[in-house]
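First the structure, in the form of structure tokens, and then the observations on it.
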Amino acid sequence: MYYKLAPSILAADFTRLGEQVKEVYGAGAEYLHLDVMDGAFVPSISFGMPVIKSLRPCTRAVFDVHMMVEEPGRYVEDMKDCGADIITVQAEACTHLDRVVNQIKEAGLKAGVALNPATPVRSLECILGQLDMVLIMTVNPGFGGQKFIPYTLDKVRELKNMLNEQGLKTDIQVDGGVNAGNVREIIEAGANIFVAGSAVFGRDPSARTREFMDILKEYEK
Ligand code: DX5
Ligand code: ZN
């Protein structure tokens, strides 16, 4: 099993974005989590295509785009052109989730589906075999710096069991309130890709990335 850290640039210093992205990649974070918010699915508006496109030449990191956007199928081609590698859509934002997942895969990208804390894991049962990643939201989406919601760990365990039952090795990502203090418990529940915004950016992003990497290495076999 592999374990990856995906720093979320939402918490980065936007005046030094390129440098900060290079810093976390240099310290071992192979993914970069890009939170796109539309002011409709979630209250905030974050950033979109121009920012993602301008970051693409700065790093070889996997661009993990988290679309907190109504009907994200409208933007699959644009995100591909900006350099997205993985597109994760919120199940609650898609009227035709199967169609959107197929659009992402037909574009040659990896497809993820995110579930809000109150959305049951079982809602993905039919579509699980088509996904590269499931994102269990561990906060309500929309803002960085929120507190981890404890019951979401049970959802991670339930998802891991469902994947095992179906013989699937789909990645399980968690996002929201993840830090070096709770990541071990989350790993033990079954997740393998960890989004962290405020726990990475701020003071000394490379030291904080290395701290996460040291923990993840304890679990790699
Ligand atoms: C929340 C976003 C997260 C956010 C995480 O809606 O999807 O990716 O940046 O921030 P932290 O790690 O600070 O909770
Ligand atoms: Zn996110």
Side-chain angles (χ1 to χ4, degrees), residues 1-12 20-21 23-35 61-64 66 85-86 88 110 112-122 124 128 131-221:
M1 177 58 86
Y2 56 86
Y3 298 95
K4 308 278 182 199
L5 178 68
S8 162
I9 65 162
L10 202 58
Q20 294 219 314
V21 161
E23 210 176 317
V24 294
Y25 183 70
E30 291 169 53
Y31 281 45
L32 195 68
H33 188 78
L34 300 155
D35 286 306
V62 173
F63 273 18
D64 163 32
H66 178 193
D85 297 296
I86 305 170
T88 298
K110 288 193 171 177
V113 173
L115 297 180
N116 279 343
T119 305
V121 167
R122 290 276 154 199
L124 290 184
L128 212 48
L131 305 181
D132 297 292
M133 184 167 84
V134 176
L135 166 51
I136 299 291
M137 287 305 298
T138 45
V139 298
N140 289 292
F143 308 96
Q146 302 182 80
K147 209 169 159 303
F148 185 90
I149 299 174
Y151 76 76
T152 59
L153 264 188
D154 292 333
K155 294 179 66 183
V156 173
R157 291 187 193 101
E158 188 186 349
L159 175 61
K160 186 71 186 171
N161 287 337
M162 257 171 76
L163 291 171
N164 286 342
E165 277 165 23
Q166 295 194 24
L168 296 169
K169 300 222 180 294
T170 314
D171 287 324
I172 302 180
Q173 185 176 52
V174 285
D175 181 7
V178 177
N179 56 52
N182 62 15
V183 71
R184 285 188 174 84
E185 196 183 2
I186 305 171
I187 292 174
E188 282 156 22
N192 67 313
I193 304 189
F194 309 92
V195 177
S198 46
V200 167
F201 292 102
R203 206 177 46 80
D204 207 344
S206 43
R208 291 160 113 192
T209 299
R210 283 196 302 271
E211 186 184 357
F212 268 105
M213 298 314 299
D214 287 344
I215 298 171
L216 301 189
K217 272 185 210 126
E218 291 170 21
Y219 290 85
E220 289 218 329
K221 319 188 186 81

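Here the structure is a predicted model, which is why all the values come from computation and not from measurement.
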Point to revise | Gly181 backbone acceptor or donor facing Asn179 side chain under 3.5 Å | key: yes
Check your understanding: Which atom names give the shortest non-hydrogen contact between Pro205 and Gln20, and what distance separates them?
Key -> CG-NE2, 3.9 Å
Check your understanding: Roughly how far apart are Thr88 OG1 and Ile193 CD1, rounded to 0.5 Å?
Key -> 9.0 Å
Exercise for review: Taking the side chain as every heavy atom from C-beta outward, state whether Phe148 and Leu153 have any pair of such atoms under 4.5 Å apart.
Suggested key: yes
Review point. Hey, what do you get for CZ (Arg157) to CD1 (Ile136), rounding to the nearest 0.5 Å?
Key: 12.0 Å
Review point. Has the side chain of Gln146 got a donor or acceptor atom that lies under 3.5 Å from a matching backbone atom of Asn140?
Key: yes
Practice item. Go through the steps for Ile187 and Leu216 under the test side-chain contact (heavy atoms from CB on, under 4.5 Å), then give the verdict. Key: CA-CA 8 Å; Ile187 292 174; Leu216 301 189; 3.8 Å; yes
Check your understanding: How far does CG of Leu115 sit from CZ of Arg122, to the nearest 0.5 angstrom?
Key -> 12.5 Å
Check your understanding: If you draw a 6.0 Å radius around CD in Glu188, do more than 12 non-hydrogen atoms from other residues or ligands fall strictly inside?
Key -> yes
Practice item. State, yes or no, whether a side-chain contact exists between Val121 and Val134 at a heavy-atom distance under 4.5 Å. Key: no
**Study point:** Nearest heavy-atom neighbours spanning Tyr2 and Glu220
**Key:** CA-OE2, 3.6 Å
Review point. Can you list the steps and then say if Ile172 with Val156 is a side-chain contact (heavy atoms from CB on, under 4.5 Å)?
Key: CA-CA 8 Å; Ile172 302 180; Val156 173; 4.2 Å; yes
**Study point:** Heavy-atom check, side chain of Ile9 versus side chain of Val21, under 4.5 Å
**Key:** yes
Exercise for review: Taking the side chain as every heavy atom from C-beta outward, state whether Leu34 and Phe63 have any pair of such atoms under 4.5 Å apart.
Suggested key: yes
Practice item. Please check if any side-chain donor atom of His66 sits under 3.5 Å from a side-chain acceptor atom of Asp64, or the reverse. Key: no
Review point. Can you find a pair of side-chain heavy atoms, one from Asn192 and one from Tyr219, that are under 4.5 Å apart?
Key: no
Check your understanding: Any idea which heavy atoms bring Ala6 and Gln173 closest together, and the distance?
Key -> CB-NE2, 4.2 Å
Revision key, fill the gap. Nearest heavy-atom contact between Pro141 and Pro117 is CD-CD, 4.4 Å
**Study point:** Nearest-0.5 Å distance that lies between atom NZ in Lys217 and atom CD1 in Ile215
**Key:** 11.0 Å
Review point. Considering only heavy atoms from C-beta outward, does the side chain of Leu159 approach that of Leu124 to under 4.5 Å?
Key: no
Review point. Under 3.5 Å, side chain of Asn182 to main-chain N/O of Gly177, donor-acceptor pair present?
Key: yes
Review point. Within a strict 4.5 Å, meaning less than it, do heavy atoms of the Asp132 and Asp171 side chains meet?
Key: no
Exercise for review: To the nearest 0.5 angstrom, please state how far the CZ atom of Phe194 sits from the NE2 atom of His33.
Suggested key: 13.5 Å
Check your understanding: Can you tell me how far the CE atom of Met137 sits from the NZ atom of Lys155, to the nearest 0.5 Å?
Key -> 10.0 Å
Point to revise | Side chains of Thr138 and Val195 in contact at under 4.5 Å (non-hydrogen atoms) | key: no
Exercise for review: Check Val200 against Phe212 and note the closest heavy-atom contact, atom names and distance.
Suggested key: CG2-CE1, 3.9 Å
Check your understanding: Can you name the closest pair of heavy atoms from Gly145 and Ser198 and give their distance?
Key -> CA-OG, 3.7 Å
